[in-house]
Chemist: 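Handing you this structure, nothing more for now.
Quick caveat: nothing in here was measured; it's all calculated off a predicted structure. We count ligands from 1, going down the list as the structure has it; atoms in each ligand are counted the same way.
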Amino acid sequence: MIDLHTHSTVSDGTDPPEVIPELAAKAGCSAVALTDHDSLAGIGAARSRAAELGVALVPGCEVSCRSVGKGGMHVLVYFVEDDEGPLSKELARLRHDRHMRNIRLSDKLASLGLPLTYSQVVAEAGGEEGIGRPHFAAVLVKAGAADSIQDAFDRYLANGRPGFVPKSRLEPLDVARLAIQSGGVAVLAHPYSLELEGADLAAVVGELAAAGFAGIEAIYGRYSPRQRQDLSNLARRFSLVATGGSDHHGTIKPDLTVGTGRGDLKVPDQVLANLEARRPVRAA
Ligand code: AMP
Ligand code: FE
Ligand code: FE
Ligand code: ZN
C-alpha cells in the first residue's frame, strides 16, 4: 500500500518532514508522497529518511486554486522538485502572498477582540514559514476563544466567517500547466470539497481531464467506501488515475493517520505506477 497525501511542519502538519516516511514505514507503505501546502521545502529531508527506510518518497505539494465549485479547490502536484521549474517559482510567490495574508489575518482577529498576536501564531507554527489557518485555530483554542480547531474555523476562520481573510489563488488550469512544464502531474484533491455533485461534478472533472489533469483523489482518508467507489468510477469515465491518500496533518487532524487514514484506507501500489505513466515526456 501507499499514501499520496501527507503534510509536515513545512506547512500545517505537526510532524517534521523526516518523520512522514517513518510513519509510512510503520504503516506498511512502500511509498509515500509529501504534499505540503505551497511548498517543496520538506522534500530533501523526507527523501533522505525514506531512502534509509526503503520507502519510496514521491515529491509533491498541494496548491489552493480559485475554485470552479461552491467549496474550495485543492490540487495535488507530484514529481516536482524544489528550486526547479516554473511551478517552484510560482510557489515562492504564493508563499510571499500567504505571509502578507497571515499578518492581515492577525490584525483582523485582534480587531474582533480575540486574544491572538502574530508572534503567538509564529510560536505555534515553529517559525514564519508555512503558517496556515490551522495554526491560528490552535492559538485560539489555547487562548480559550474556541473549543477545538474545527470550532475556531466554524466561528471565525472559515470562508464567510468574520475572521476570514482570503489569499491569492492560482487558476486550476495554470497549476496543471505549471506542473506539466515542471515535469510533474496534477491531481484534483478531495473532489467533494468542491461541493458539487452528480452531473455538475462530472462536468468539472471532464474539463480538468481535457486540460491535462492526470487524476482525481478518489481513495481519500475521510471519504466513505461508497464515495470512493463513485469517484473511482468518475476517474475511469474520463481516463484519469484514481489516486488516494490520508491527508495526514498530525495532531491538527487527529483522525487521519499516514497510510491508513481513519483505519480503513488502503491505496494500492499500482496507483503510483499508473500516475508515473502520466508524467510528461521531457525534451532532453
Ligand atoms: P490556509 O491555507 O492557511 O488558508 O489554511 C488551509 C487549511 O485550513 C487546510 O489544511 C484545511 O484543512 C484547513 N481548513 C480550511 N477550511 C476549513 C474548515 N472550514 N474547517 C476546518 N479546516 C479547514
Ligand atoms: Fe492543511
Ligand atoms: Fe487539501
Ligand atoms: Zn492536504
Chemist: Judged by non-hydrogen atoms, does Ser64 sit under 4.0 Å from ligand 1?
Modeler: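 For ligand 1, residue contact (heavy atoms, under 4.0 Å) with Ser64 is absent.
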
Chemist: Under 4.0 Å between a side-chain nitrogen and a carboxylate oxygen: does that hold for Arg169 and Asp174?
Modeler: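 Salt bridge: no.
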
Chemist: Do Arg47 and Glu81 meet the salt-bridge criterion of a basic N to acidic O distance under 4.0 Å?
Modeler: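 Looking at Arg47 together with Glu81, the answer is yes, because their closest N to O distance falls below 4.0 Å.
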
Chemist: Of the protein's non-hydrogen atoms, which lies at the shortest distance from atom 3 (O) of ligand 1, and what is that distance?
Modeler: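 Ranking protein heavy atoms by distance from atom 3 (O) of ligand 1, first comes Arg101 NH2, 2.6 Å.
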
Chemist: Evaluate whether atom CZ of Arg262 has more than 12 neighbouring non-hydrogen atoms of other residues, nucleotides or ligands under 6.0 angstrom away.
Modeler: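 More than 12 within 6.0 Å, yes.
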
Chemist: Check this for me: does any side-chain nitrogen of one of Glu90 and Arg93 sit under 4.0 Å from a carboxylate oxygen of the other?
Modeler: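 Arg93 and Glu90: salt-bridged.
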
Chemist: Which angle, to the nearest 10 degrees, do you find at the Zn ion (ligand 4) between NE2 in His5 and OD1 in Asp247?
Modeler: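 Taking the Zn ion (ligand 4) as the apex, I get 80° for this pair.
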
Chemist: Among Gln270, Glu276, Arg278, whose side-chain contact (heavy atoms from CB on, under 4.5 Å) with Asn274 holds?
Modeler: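 Result: among Gln270, Glu276, Arg278, Gln270 is the only option passing the side-chain contact (heavy atoms from CB on, under 4.5 Å) with Asn274.
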
Chemist: Quick test: of every protein heavy atom, which one is nearest to atom 1 (P) of ligand 1, and how far off is it to 0.1 Å?
Modeler: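 Going atom by atom, the protein heavy atom closest to atom 1 (P) of ligand 1 ends up being Lys167 NZ, 3.4 Å.
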
Chemist: When you measure from the Zn ion (ligand 4) to each N, O or S atom of His7, which atom gives the shortest distance?
Modeler: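 This residue's closest N, O or S atom turns out to be NE2.
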
Chemist: Using 2.8 Å as a strict upper limit, say whether an N, O or S atom of His249 approaches the Zn ion (ligand 4) that closely.
Modeler: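 Short answer: no, not a single N, O or S atom is under the cut-off.
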
Chemist: Under 4.0 Å from ligand 1, counting heavy atoms only, is it the side chain of Asp12, its backbone, both or neither?
Modeler: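 It is the side chain that touches ligand 1; the backbone stays farther off.
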
Chemist: With the Fe ion (ligand 3) as the reference point, give the N/O/S atom of His74 that is nearest.
Modeler: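 Going through the N, O and S atoms of His74 one by one, ND1 ends up nearest to the Fe ion (ligand 3).
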
Chemist: Suppose I only count heavy atoms of His249 and a 4.0 Å limit; which atoms of ligand 1 are within that range?
Modeler: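 So the answer, numbered in order with elements, is 10 (O).
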
Chemist: What atoms of ligand 1 come within less than 4.0 Å of a heavy atom belonging to Gln150?
Modeler: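 Per the distance check, 20 (N), 21 (C).
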
Chemist: Looking at side-chain heavy atoms only, is the closest gap between Leu275 and Phe79 below 4.5 Å?
Modeler: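 Touching, per the 4.5 Å side-chain cut-off.
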
Chemist: Which protein heavy atom lies closest to atom 4 (O) of ligand 1, and at what distance to 0.1 Å?
Modeler: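 Atom 4 (O) of ligand 1 sits closest to the protein heavy atom Arg133 NE, 2.8 Å.
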
Chemist: In the protein, which heavy atom is nearest to atom 11 (C) of ligand 1, and how far is it?
Modeler: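 Answer, as residue, atom name and distance: Lys253 NZ, 4.0 Å.
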
Chemist: For ligand 1, which part of His7 has a heavy atom less than 4.0 Å away: the side chain, the backbone, both, or neither?
Modeler: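 Within the 4.0 Å criterion, His7 makes no contact with ligand 1.
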
Chemist: Please determine whether a side-chain nitrogen of the Lys or Arg among Arg95 and Asp38 lies less than 4.0 Å from a carboxylate oxygen of the Asp or Glu.
Modeler: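 Asp38 and Arg95: not salt-bridged.
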
Chemist: Nearest 10° is fine: what angle sits at the Fe ion (ligand 3) between NE2 from His190 and OE2 from Glu62?
Modeler: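 That angle is 100°.
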
Chemist: Quick test of your reading of the model: are Arg101 and Asp97 salt-bridged, counting only N-O distances below 4.0 Å?
Modeler: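 Salt bridge: no.
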
Chemist: Out of Val58, Leu57, Asp36, Asp82, which residue meets the side-chain contact (heavy atoms from CB on, under 4.5 Å) rule with Ile43?
Modeler: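 Per the side-chain contact (heavy atoms from CB on, under 4.5 Å) rule, the option paired with Ile43 is Leu57, out of Val58, Leu57, Asp36, Asp82.
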
